[in-house]
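Every chain is numbered from 1 and lettered A, B, ... according to where its sequence line falls, protein lines coming before strand lines. Computed from a prediction, not measured in an experiment: that's the story for all the values here.
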Number of protein chains: 2
Amino acid sequence: MKQVTIKDIAREAGVSIASVSRALNGMDGISEKKRSRILRVCERLSYTPNGLARSLVKRRTQTIGIIMPDIMSPFYSELMVKASDAAHKRGYQVLLCNSFRELRAERDYLKLLAEHQVEGILIFPIGPRSTESMSEFIHNVPMVALNELTGQCGIPYVCADEEQAGRIAAEYLISRGCRNLLFVGFKPERLAHRYRAASFMETAKAKRIPAQIYECNLDFRTSFERGYNHFKHFLQSGLSMPDGIVAASDATANGIVKACRENGIRIPEDFSLIGFDNITEELPYIELTTVAVSHEEQMETAVELLLGMVEEGTPVGGKASVKLEPRLVERRSCKG
Amino acid sequence: MKQVTIKDIAREAGVSIASVSRALNGMDGISEKKRSRILRVCERLSYTPNGLARSLVKRRTQTIGIIMPDIMSPFYSELMVKASDAAHKRGYQVLLCNSFRELRAERDYLKLLAEHQVEGILIFPIGPRSTESMSEFIHNVPMVALNELTGQCGIPYVCADEEQAGRIAAEYLISRGCRNLLFVGFKPERLAHRYRAASFMETAKAKRIPAQIYECNLDFRTSFERGYNHFKHFLQSGLSMPDGIVAASDATANGIVKACRENGIRIPEDFSLIGFDNITEELPYIELTTVAVSHEEQMETAVELLLGMVEEGTPVGGKASVKLEPRLVERRSCKG
DNA sequence: CTGTTAGCGCCTTCAA
DNA sequence: TTGAAGGCGCTAACAG
């Protein structure tokens, strides 16, 4: 697999390498007939430019990196697609990375991308500790997070206003007549869960509707499993059945649905169910009502913010985070 | 964002750039105290090596590219993960690309990856016409397909033996007592479907069991939608209900399940259902019996084949394709 | 053990 | 319109 280089083309076409470069890049300062002759030679030798060399000299790669926790989750893979689209639209290429919810892998990818000279990184941090590795690279490459970041690390984020989301979910269930609310699938490490749960409780309290968070400290690899197992656990607890359940996320809600099916519980006949995130994956049974921001809007905003930083060479901490307004997406998992 | 280079480090540490390079790459021929001094300077200036420059001179990127048709499908994203794992295990990095089932995007990525000097490409071609663009780059970079390729393009593939798969599915249903078989979700453009359907029919015929392919030329963006709509269409056709259905794929099967639910049809009580591919995604309701090869085995094999080509510089057409043996994965969508 | 030097493939002045 | 030459950041001989 010997590489054909610009030099080979030059020799073959009997011109200088400068002319070849000019021809390839559509620059002017070269006669049309020479250009077409050169291009023909390229064809013939099936020449492929070496992007590494080009990026090295131009000091631009026109590439950003995206790091997500779990490519197999429909939620994250949709975000990846939307983000890619947004980047492509602005003329940037994208490198996709899957951190697999492992801090180690996340850090490795951060490093890898920095070394590959990506001009910016869009990252969905897997947890609060992610900021440690992120701040390690913040001086080398602009970053935008897709999750609220704790602490003052100077990295801007673009995410949903989860407090609003929790309130919207609670208000909706109450408006549909629910009078005994439960939050299932809570995982305290997730900041988003904390916000959702807290404002859920607050809203219920303000309206004097009994509500509680089912806290079950068992953890599982996926949100689906967490939902499934937490709810099974709840069913065995002997606690009274709620008439409205807020799941910590849509994936969690799907787990709850599975547990219900195994126990002959029907949704929405036996209780109303609402989730967060608006996973758009098509499921054979459930049509889940949910609260979420527009994924497209979120990714567009994030990419725009990131490329803004890239293009104006914004130093660390030069940009402001943004919280997007979530909306209710009504489907058929709530009665009334 | 001015880059810190090896030169800056050398100046700051009062040594030559060669020493810095040696220190960074853990080579010997440098005293320990000098090395640690250099490394400290790197820390302090938060130096990140420029991978482009390094790859350029080493003429190696230790990177392969993976192109899949749909990152949002759990099937493909699982393959991506398995392939990444296999590549990482062998010390290669991976660039993930999503062709979105578009020939244009597929070709663009092929080109992009070649320009980025990936050392090999693993591709799940979106269709027979993919070979056109693939053969355009076959002289620049080794490739392995994850799908059977038509024609003599010299590109090896690693995929399931779909004829066997079709036979296994048919035999299983028959062994479970099904006596009226139907194949749903057929899309003639997909070679795999053709194999599956043909050997399904053949097997049934050999055993003298009535069987047919429900041909419905409506097409949809996803297999899920195809399954859903084809089966709804079938239900309205007034044809007699089968007692065993082979879905063109697991995704198709999920669509069928949805149509069943809307029509009060129960699985496996009303008919047995079997799919292909073994999507491992967790679904709230269905537990689908299916026929598939081990994804891990397939990706391991493909990566090994590809890296073999890379490392021994195999010329075009130097390697043989392999067809893997599918197995039955028994779950609970078939009665008996 | 250390530093100097010659490229890797390409783009981009600068002269001609 | 053309070509020669310098350099992007790095590694790998080759001298010392």
With sequence neighbours left out, the residues meeting ring pair (Phe, Tyr, Trp, His ring centres under 6.0 Å) with B:F124 are B:Y76
Taken to the nearest 0.5 Å, the spacing of A:C97 SG from A:M80 CE works out to 7.0 Å
*Side chains of B:Q117 and B:S55, donor plus acceptor under 3.5 Å*: no
Rounded to the nearest 0.5 Å, the OG1 atom of B:T131 sits from the CD1 atom of B:I138 at a distance of 11.0 Å
Residues passing the side-chain hydrogen bond (donor to acceptor under 3.5 Å, both in side chains) test with A:K323, sequence neighbours excluded, are A:E148
side-chain hydrogen bond (donor to acceptor under 3.5 Å, both in side chains) filter on B:S36, not counting sequence neighbours, yields none
Computed from five pairs at either end and rounded to 10 degrees, the angle between the axes of the helix from C:dC1-D:dG16 to C:dA16-D:dT1 is 50°
To the nearest 0.5 Å, atom CG of B:L95 lies from atom CG of B:L122 at 12.5 Å
Nt span of DNA chain D in reach of chain A heavy atoms at under 4.0 Å, 5' end first, is D:dT1 to D:dG9
What residues 48-64 of chain B contributes to the DNA chain C interface at heavy-atom separation below 4.0 Å is B:L56, B:V57, B:R59
In this structure, CG of B:L24 is separated from CD1 of B:I17 (nearest 0.5 Å) by 11.5 Å
- Query: Are any of the side-chain nitrogens in B:R11 or B:D8 under 4.0 Å away from the carboxylate oxygens of its partner?
  - Reply: yes
In numerical order, the residues of residues 7-33 of chain A whose heavy atoms come under 4.0 Å of DNA chain D are A:V15, A:S16, A:A18, A:S19, A:R22, A:G29, A:I30, A:S31
For A:R221, the side-chain hydrogen bond (donor to acceptor under 3.5 Å, both in side chains) test, sequence neighbours excluded, returns none
The complete set of salt bridge (Lys or Arg N to Asp or Glu O under 4.0 Å) pairs with one or both residues in residues 87-100 of chain A, sequence neighbours excluded, reads A:K89-A:E300, A:R90-A:E300, A:R90-A:E304
Applied to residues 35-49 of chain B, the salt bridge (Lys or Arg N to Asp or Glu O under 4.0 Å) test, sequence neighbours excluded, yields B:E12-B:R44, B:E32-B:R35
task: Evaluate the side-chain proximity of A:T61 to A:H116: yes if any heavy-atom separation is below 4.5 Å, no if none is.
output: no
Interatomic distance, CG@B:L103 vs CG@B:D108, rounded to 0.5 Å, equals 10.5 Å
For residues 54-68 of chain B, the salt bridge (Lys or Arg N to Asp or Glu O under 4.0 Å) pairs (sequence neighbours left out) are B:R60-B:E119
In numerical order, the residues of residues 38-47 of chain B whose heavy atoms come under 4.0 Å of DNA chain D are B:Y47
In whole angstroms, the gap separating P of C:dC1 from CZ of B:R37 amounts to 15 Å
